[in-house]
Amino acid sequence: MNLTIHGYSTALFSTWYAIEELGVLFDAGDGLTANLLGKSGKIKHVFISHADRDHLTGLLQYNQLFGYLKPTIYFPKDAGSFKFLQSFFEDFDPHQKGTKWVALKNETEIKTKRNIIVKAIENKHIDVKGAIKSLSYKVYEEKNKLKAEFLRLSPNELIHLKKNKGDSFIREIKRNNILTYSGDTPIYDISVYDNCEVLVHEATFLRKDEVNLKANKNKHSSLEEVMEMVSQIHVQKLILGHFSSRYDQTEIDSEIKRLIKLYNIKIPVYRIPVGACVKDILNTNTVN
Ligand SMILES: [Zn+2]
């Protein structure tokens, strides 16, 4: 599936990714509506990864402008800030009553279109035992396909079989993981990201030894770890974002290039420059 992805993602300041064809937004940091303008109105489903302010402060203006289109805002079920946001929004913009707020558990699946499913996956950014406070999201496209055992049959044989046994006898629904959004998280289980077409992953730090895994701190990934993981799984396209503004862009790019070589990565690799919004990311130049 062709995806038109727009986004901004710089650690501490703002993160959001909008996917036009899906009408879906992942996170809603500052600058969302200012950059997307009228296109923000195409967003019908807003999936927030966690309650850090840089991932949700764009919601106020989005809701003010487009709440009348009755969007749904999804959030991790134990992230306590959202009930305050909801009641504030309802008081502040009382003319916008259409917005729905939905708390997600681990592995909750939301059907956003007839053939599109977004699945919430608990991650380890805010690692509190027994509480869901931060989520990654996986997007699946469902296709109704002919079962493998019937592929050799002629059109006439298929029509006959369908008449006698019904459509569900010869066809089955297959799921393709067309996009995975990591949100903010350290890498803890690479199988979560395996076999997806487009992986959007955070890379707050460049090097492994810069990642701070102290118990009381929210946890992130390094570029080094992301590239190592990508070399071990099947991903068709990689979008890197959430770089810390402590790095110079030329330093980030040369580190991406070094790691592409080191891990012999053959897929296209895109990156969101620090402090920049990128429109239609998959149609911009790759780093490699
Ligand atoms: Zn963040």
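In listed order, ligands and their atoms are each counted from 1. Keep in mind that this is a model prediction, so the values were computed, not measured. By convention here, the first residue in the shown sequence is residue 1.
Distances from the Zn ion (ligand 1) to each N, O or S atom of Asp184 single out OD2 as the nearest.
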Taking distance alone, no hydrogens or angles, what donor-acceptor pairs closer than 3.5 Å link side-chain atoms of residues 160-170 to residues at least two apart or in another chain?
| residue | atom | partner | partner atom | Å |
| --- | --- | --- | --- | --- |
| His160 | NE2 | Asn164 | ND2 | 3.1 |
| Asn164 | ND2 | His160 | O | 3.4 |

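Not one N, O or S atom of His220 sits under 2.8 Å from the Zn ion (ligand 1). At a cut-off of 2.8 Å, His50 does not coordinate the Zn ion (ligand 1) through any N, O or S atom.
Taking every heavy atom of both residues into account, Leu22 and Lys113 meet most closely at O-CE, 3.9 Å. When every heavy atom of Ser221 is checked against every heavy atom of Pro186, the shortest pair comes out as OG-CA, 3.5 Å.
Exactly one residue among Tyr181, Tyr74, Tyr17, Phe47 makes a ring pair (Phe, Tyr, Trp, His ring centres under 6.0 Å) with Tyr137. That residue is Phe47.
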